[in-house]
Structures are given as structure tokens and as C-alpha cells.
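To start, the structure under review is shown below, and the notes come after it.
Heads up: numbering here begins at 1 and tracks the sequence.
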Amino acid sequence: MKYLVFFIVALLAAPISTTFAEEQQKPIISDPYKLSPGDVLEVSVWKEADLQKQVIIAPDGTISLPLVETIKAAGKTVTELKQIIAEKLNSYIADPAVNVSLIKNDGNIYFVIGKVNRPGPIVANRRIDVLQALSQAGGLTVFAKESSIFVQRRVGTDIKLFPFDYDDVLDGDNLEQNIILEPGDTVTVR
């Protein structure tokens, strides 16, 4: 509770560099969602009832479709996947009108482990940052070391570590460490 009060006081005391109206006029730039294993897709081709199918992206990141066979879907946007499927179908159907819809983003999963109140997986319906993941995990326990939090991210066969200092972020310092999590990231609290 003391951190919440301190955070609110710090926000109120912080200088405001832009007005609310100026902030509203800025474009919201967001990276497009990249598909992940576990996501559920609806794939259809206009006027081709036999080519409508719901698929789950397999753990290896692939999906299988009639005529297209097995293709890599993980790491691609819906638009990129749609183009790949259309290219593969071109040899069977003249100018195929392909539609790919994300039905469920169950692949957008993060893990929070260690000294938090509710450790475990978090399936999020949007992109979240470290502070939001800690909040969804019920916050830190009284035994947690607030300066000893790390995000582990698997990149190929390597694991990258990103440090996160809870107190710094609450104080409004070093906010760049409050990174947007990627599916599969693990937040570790010591």
C-alpha cells in the first residue's frame, strides 16, 4: 500500500510536458501481433467451402491446410500468413481470396515465477509489460528482493536476461526496463 501511495504522489508531483489534447493527437504505434504456438486461427478461401478450417498453431510453430500442406505460422503476422497461404494456393486456384482470422490468442502466454503471490502462467489478451505481469501475478511477496527481478527470453538456443528493478520503475526512474513481454517470456522474482 505504501508503494501505491508513493507512486500516486510521484505521479502528481511529476512535471507534465504535454497536455492531454496533445497526447491524444499522437498516433498510437504498436507492433503487430506475431502469431505463437497455441493460437487458434480461422482460415477460409472465398467460394471454396472445402478450404475453410480452424487450426491451432502446433508447438513447432506450424499449421497444416489442404493443398497448402504444412507451413510455418509462428512469428508471422496474420497479414503475412494470409499472403503465404494465397501464394501457395495460386497453383490450384486463380487469384485466391484468403482470409485469416485470429480466433484465440492462447499462444500469448507469459510466466511469472518466484516470490509473487500467484506464480504461474498468464494468458493475456493483449501485449503486457513487466509491471503488468507482476500485477496479474498478485504482486510481490514481502520476501521478494525488489531489485532482483529478471525477464528471461529464449532467442533461438540462447536465453537473454533483462534486469528489472521494481523500486526504480515505481519511482519513475529507468522506465525503459519495463519492457513489453513477448510470448514465452518468464519473469523471475528472487
Side-chain angles (χ1 to χ4, degrees), residues 23-113 116-138 150-162 164 176 178-188:
E23 286 296 320
Q24 294 301 310
Q25 292 175 359
K26 289 182 182 177
I28 297 173
I29 299 171
S30 178
D31 291 336
Y33 179 71
K34 303 274 187 181
L35 298 169
S36 299
D39 286 345
V40 179
L41 305 172
E42 171 92 11
V43 180
S44 61
V45 181
W46 188 59
K47 290 190 176 184
E48 299 291 338
D50 293 340
L51 295 179
Q52 182 170 344
K53 186 175 182 183
Q54 265 197 14
V55 292
I56 299 174
I57 299 176
D60 66 354
T62 62
I63 60 171
S64 293
L65 297 167
L67 301 179
V68 176
E69 301 298 325
T70 301
I71 57 173
K72 185 83 167 165
K76 300 191 176 8
T77 66
V78 169
T79 303
E80 291 168 340
L81 184 60
K82 177 180 159 180
Q83 291 170 344
I84 292 168
I85 294 169
E87 287 171 10
K88 296 263 186 190
L89 288 174
N90 262 335
S91 50
Y92 303 100
I93 301 166
D95 200 26
V98 177
N99 185 46
V100 177
S101 301
L102 178 63
I103 303 298
K104 268 180 110 177
N105 64 338
D106 286 347
N108 198 28
I109 190 166
Y110 315 100
F111 303 89
V112 182
I113 61 172
V116 292
N117 289 308
R118 290 189 309 272
I122 297 170
V123 177
N125 60 0
R126 61 182 182 80
R127 306 286 303 269
I128 62 173
D129 59 34
V130 180
L131 200 55
Q132 292 165 336
L134 292 172
S135 173
Q136 286 187 328
F150 295 91
V151 175
Q152 297 178 26
R153 177 172 298 157
R154 186 170 299 279
V155 179
T157 57
D158 297 330
I159 294 180
K160 286 187 171 183
L161 287 179
F162 300 91
F164 179 84
E176 68 280 353
N178 191 24
I179 61 172
I180 299 292
L181 297 176
E182 293 183 7
D185 281 357
T186 302
V187 180
T188 305

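Minimum interatomic distance between A133 and V112 (heavy atoms only, all atoms of both residues): O-CG2, 3.9 Å. Closest approach of A137 to I122, counting heavy atoms only: N-CD1, 4.3 Å. P96 and A86 get closest at one heavy-atom pair: CG-O, 3.5 Å. Shortest non-hydrogen contact noted between L131 and N178 is N-OD1, 3.0 Å. Taking every heavy atom of both residues into account, A58 and P37 meet most closely at O-CB, 3.3 Å. Among all heavy-atom pairs drawn from P183 and G107, the shortest one is CB-O, 3.3 Å.
Residues passing the side chain to side chain contact (heavy atoms under 4.5 Å, CB included) test with S44 are Q52, N99, sequence neighbours excluded. In this structure R154 satisfies the side chain to side chain donor-acceptor pair (under 3.5 Å) test with no other residue, sequence neighbours excluded.
The side chain to side chain contact (heavy atoms under 4.5 Å, CB included) test with V68 singles out one residue from I85, V43, I63, V98, and that residue is I85.
Here CG of L41 is found 11.5 Å from NZ of K53. Values are rounded to the nearest 0.5 Å. The CD atom of Q136 lies 9.0 Å from the OH atom of Y110; values are rounded to the nearest 0.5 Å. Expressed to the nearest 0.5 Å, how far CG of L161 lies from CD of Q152 amounts to 5.5 Å. To the nearest 0.5 Å, atoms CG (L181) and CD1 (I128) are separated by 5.5 Å. Annotation: the span from T77 atom OG1 to L35 atom CG amounts to 7.0 Å, rounded to 0.5 Å. A distance of 11.5 Å separates CG in D95 from CG in L89, rounded to the nearest 0.5 Å.
Under a 3.5 Å cut-off, the side chain of K72 and the backbone N or O of D60 do form a donor-acceptor pair. Between the side chain of D185 and the backbone N or O of R153 there is no donor-acceptor pair closer than 3.5 Å. Of the possible polar contacts, none joining the D129 side chain to the I180 backbone as a donor-acceptor pair under 3.5 Å is found.
Counting only heavy atoms from C-beta outward, the side chains of I84 and K76 approach each other to under 4.5 Å. Taking the side chain as every heavy atom from C-beta outward, F111 and V187 never approach each other to under 4.5 Å.
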Open item on the list: Assess the residue pair V40 and Q54 against the criterion (side-chain contact (heavy atoms from CB on, under 4.5 Å)); give the C-alpha distance rounded to whole Å, side-chain angles, the decisive distance to 0.1 Å, and a yes or no.
Closed with: CA-CA 7 Å; V40 179; Q54 265 197 14; 4.0 Å; yes
TODO: Walk me through it: do N108 and N125 pass the test side-chain contact (heavy atoms from CB on, under 4.5 Å)?
DONE: CA-CA 7 Å; N108 198 28; N125 60 0; over 6 Å; no
Open item on the list: Walk me through whether Q132 and R127 qualify under side-chain contact (heavy atoms from CB on, under 4.5 Å).
Closed with: CA-CA 10 Å; Q132 292 165 336; R127 306 286 303 269; over 6 Å; no
TODO: Apply side-chain contact (heavy atoms from CB on, under 4.5 Å) to F164 and L134, showing your working.
DONE: CA-CA 11 Å; F164 179 84; L134 292 172; 3.7 Å; yes
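A donor atom on one side chain and an acceptor atom on the other are found under 3.5 Å apart for S64 and T70. In this structure, a donor-acceptor pair under 3.5 Å is absent between the side chains of N105 and D39.
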